[in-house]
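It should be emphasised that the depicted structure is a prediction, and the values quoted were computed from it without experimental measurement. We're numbering straight along the sequence, starting at 1. Values below: every heavy atom of this structure, side chains too, minus hydrogens, waters and symmetry copies.
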Amino acid sequence: MCGIAGYFSREDIKMERLEAMMKALRHRGPDDEGIILERCCGLVHTRLSIRDVAGGIQPMTRTYRGRSATIVYNGEIYNIPELKHRLSSFPIHFETTSDTEVILYCYLVFGTQIFKDLNGIFAFAIYENKTLILVRDHIGVKPLFYYHDSVSFLFASEIKGIFAGGVKPAVNEDSWREIIALGPAHTLGCGVFQNIFEVLPAHYLVINRDGIKDCTYWKLESCEHTETYPQTVAHCSELITDSIKRQMVSDIPICTFLSGGLDSSLVSAVVAKELGAGNLRTYSFDFVDNHKNFKANSFQSSEDRPFVDIMVEHIKSRHTYLECNNENQITCLLKATDARDMPCMADVESSMLYFCSLVAKECKVTLTGECADEIFGGYPWFHRENLLNRNTFPWSYDMPARTYLFQKDFIEALKPEEYAARQYQNSVAECPVLESESDIEKKRRRISWLNIRWFMMTLLNRMDRCSMYSGLEARVPYADYRILEYVFNIPWKYKCYQGQTKSLIVECAKNYLPPEVLYRKKSPYPKTYDPKYEQLLGEMVQNEMERNPRLAEIVDKNRLEKFISSTKDYGRPWYGQLMAGPQMLAYLLQIGYWIRKYQL
């Protein structure tokens, strides 16, 4: 994994700006860095060396039949053998074993039509003959932001790279609507800051003197599913195991995150089988003394540790149990805001950032179980009728809980309910449905669509920023676009066969997992239940109010004091399954820090 950035301008570009952008993204690629500058375009790369450690230097330039192009690339391509085979009939001599060179030659030979055939996680920029092309992967695993005005076009893996290039941070009312009404999610294509945008998943931009052209190279479509249940199980099993094995490619050792849940356990078991007993390093995450304070609820029914123990013994991995204390988590709340460039998933994100920083000291590549629930229907809102039938985002329906701590006039001016409803309706309208489907099947398809376009993107953003903040590459085998386009069209009666949640993954995992883990009831990423953590948060938020006049203008002080002193409901989340009362305090603290950092 790497960081990329660049500057395309009608005027001469100063090297100092490119160097500043490179410095801002150095955490994404601490192993190497490079800049290439022409009169109207400069490209920046910071490298985390995973494949062809010695040879895959970027920016990389290659020439084919008189055409020269330069690339900066962030990601991994998992179908390199097939791509190389397609190139084998052309007069090409590879100088490296890196996927970067393969992508560049594929572009020079096949043009932009090759983008849809890249199987991987990627964001890259290609410069050729006064034209810049930005490309983002099918699902949007790798980030890519941009800014433009009448003179210049800037892009970067993270928003901080654009600000380092000379763009001044600014917000408007829609920025606040994103933060208050939707956060920690954000509308696809929106960078939250004023005039900051993101390249949409499965899109590429063409930038030249004529302007900016936005093109789609792939889209998710609806079609009839004609396979039987046994055929569907076999097809899913083949796709899942193939994706996991492909994503093991690396010139350095890999590890996995192992929570003891179905999804990460299957990934870990497949990898362990391929590597052999005792050769896989696995990591699990929890909080100091959490077993003393854990409170089971409808969203989080059990602790992870007993199931992690079972899996470690089952696959014979070399396991490390990582723990986070209150000080670690509090410290990383602000670092997580730095990593995301905006308020994020509060302590759900800060703890992940802390854990990734520990893993990065020992490994540079990890495989995770992210995205299985969104694609295969694992969340409560796929199953509970009251959530399925809500005409709003089912993981974020409690607007009063979101707005309670803010000043009444501030909220009335923003109209967050209307904004959230508009974004919801816009997304639902884009969902491809089949007219032949029943009403309930259409509802489930729309829920699946919303999960893929919204909730999954929030978690992918969390994983990318938390891991890359410490130079750790996190891969997501379930987020293979081949899996997504196949499973999206499988009817619910197969996804929840005979009442078994995520029955297709369960069937795939029967040859890999013990029954205790195979049929474990879903439990999300862990969070702390320590009352001392909540007390510390309250004190920090009150201190932030005293030092931050802008935050004091938009927060209702009386309500905040009452909220801090009251008992929090851990079972009533206002976002997802984990973000409840304490996380609202943490989110408010991040908002205050965000305001101060960017002088908003």
Side-chain angles (χ1 to χ4, degrees), residues 1-3 23-33 46-51 53-54 56 74-76 121 142 157-158 160 247-260 264 267-268 271-272 275 278-288 290 304-305 308 311-312 315-340 344-345 347-370 461-476 525-528:
M1 286 307 160
C2 308
K23 182 179 179 181
L25 298 178
R26 193 165 283 153
H27 57 279
R28 294 186 69 92
D31 296 334
D32 200 0
E33 57 192 33
T46 62
R47 187 182 184 211
L48 182 65
S49 302
I50 305 297
R51 296 167 74 172
V53 175
N74 166 31
E76 297 290 342
I121 53 178
K142 290 291 100 182
S157 296
E158 297 177 12
K160 60 178 63 67
Q247 297 197 25
M248 292 175 62
V249 62
S250 174
D251 291 337
I252 59 176
I254 63 173
C255 68
T256 66
F257 289 172
L258 177 60
S259 70
S264 67
V267 172
S268 297
V271 175
L275 294 180
N279 291 320
L280 174 65
R281 299 199 67 160
T282 54
Y283 295 86
S284 62
F285 314 134
D286 209 339
F287 297 87
V288 174
N290 217 30
D304 286 341
R305 178 63 183 262
V308 173
M311 278 304 303
V312 170
I315 65 176
K316 308 300 181 186
S317 65
R318 293 182 290 137
H319 190 75
T320 302
Y321 296 91
L322 298 176
E323 288 189 324
C324 179
N325 61 31
N326 289 335
E327 182 180 354
N328 302 142
Q329 182 148 272
I330 289 282
T331 301
C332 287
L333 275 173
L334 304 188
K335 289 183 179 180
T337 312
D338 291 335
R340 187 79 83 95
C344 53
M345 292 187 76
D347 46 45
V348 180
E349 196 141 336
S350 67
S351 58
M352 176 61 78
L353 184 142
Y354 175 70
F355 291 133
C356 285
S357 72
L358 300 181
V359 174
K361 294 176 181 178
E362 300 177 341
C363 291
K364 285 187 178 181
V365 182
T366 186
L367 275 67
T368 81
E370 297 283 354
N461 283 327
R462 177 189 69 157
M463 183 57 70
D464 176 82
R465 300 322 180 278
C466 287
S467 59
M468 294 306 296
Y469 191 77
S470 298
L472 173 68
E473 176 178 312
R475 299 177 180 176
V476 280
Y525 177 84
K527 68 176 181 180
T528 183

Problem set entry | S264 OG to Y283 OH distance, which is reported to the nearest 0.5 Å | 15.0 Å
Problem set entry | Side chain T46, main chain L25, donor-acceptor under 3.5 Å | yes
Seminar exercise, completed: The side-chain contact (heavy atoms from CB on, under 4.5 Å) partner of S250 among E473, K364, R475 is R475
Exercise. Within 45° of the axis and under 6.0 Å from the centre of the six-membered ring of Y525, does NZ or CZ of R462 qualify?
Worked result: yes
Seminar exercise, completed: Taken to the nearest 0.5 Å, the spacing of I330 CD1 from C324 SG works out to 9.5 Å
Problem set entry | Residues D464 and K142 bridged, charged N to O under 4.0 Å | yes
Exercise. Any donor and acceptor pair, going by atom type alone, linking the side chain of S470 with main-chain N or O of C466 inside 3.5 Å?
Worked result: no
Exercise. Listed by chain and number, what are the ring-ring contact (aromatic ring centres under 6.0 Å, His included) partners of F257, not counting sequence neighbours?
Worked result: F285
For this session: Please report the closest heavy-atom contact between M468 and C2, naming both atoms and the distance.
Result: CE-N, 3.9 Å
Problem set entry | Rounded distance (nearest 0.5 Å) linking atom CG of L322 with atom SG of C356 | 10.0 Å
Exercise. Counting N and O atoms only, with roles assigned by atom type, does the side chain of N279 sit under 3.5 Å from a partner on the main chain of L275, one being a donor and the other an acceptor?
Worked result: yes
Exercise. Is the side chain of D286 donor-acceptor paired with the backbone N or O of E323 at a distance under 3.5 Å, no angle test?
Worked result: no
Exercise. Does any donor atom in the side chain of T256 or S268 lie under 3.5 Å from an acceptor atom in the other side chain?
Worked result: yes
For this session: Output the distance between atom OG1 (T366) and atom CD1 (I254), rounded to the nearest 0.5 Å.
Result: 8.5 Å
For this session: Examine distances only and state if a side-chain atom of H319 and a backbone atom of T282 form a donor-acceptor pair shorter than 3.5 Å.
Result: yes
Problem set entry | Gap separating the CG atom of L353 from the CE atom of M345, nearest 0.5 angstrom | 13.5 Å
Exercise. Which residues satisfy the side-chain hydrogen bond (donor to acceptor under 3.5 Å, both in side chains) test with S350, sequence neighbours excluded?
Worked result: none
Exercise. For E362, does the CD atom have more than 12 heavy-atom neighbours from other residues, nucleotides or ligands under 6.0 Å away?
Worked result: yes
Exercise. Does S357 reach the main-chain N or O of Y354 with its side chain, forming a donor-acceptor pair under 3.5 Å?
Worked result: yes
Exercise. Roughly how far apart are L472 CG and R28 CZ, rounded to 0.5 Å?
Worked result: 11.5 Å
Problem set entry | Donor-acceptor contact below 3.5 Å, side chain S351 vs main chain Q329 | no
Exercise. Would you call R465 and E349 a salt bridge, taking side-chain N to carboxylate O under 4.0 Å as the test?
Worked result: no
Problem set entry | Salt bridge present between E33 and R26 (N-O < 4.0 angstrom) | yes
Exercise. Excluding sequence neighbours, so at least two apart, what forms side-chain hydrogen bond (donor to acceptor under 3.5 Å, both in side chains) with H27?
Worked result: E158
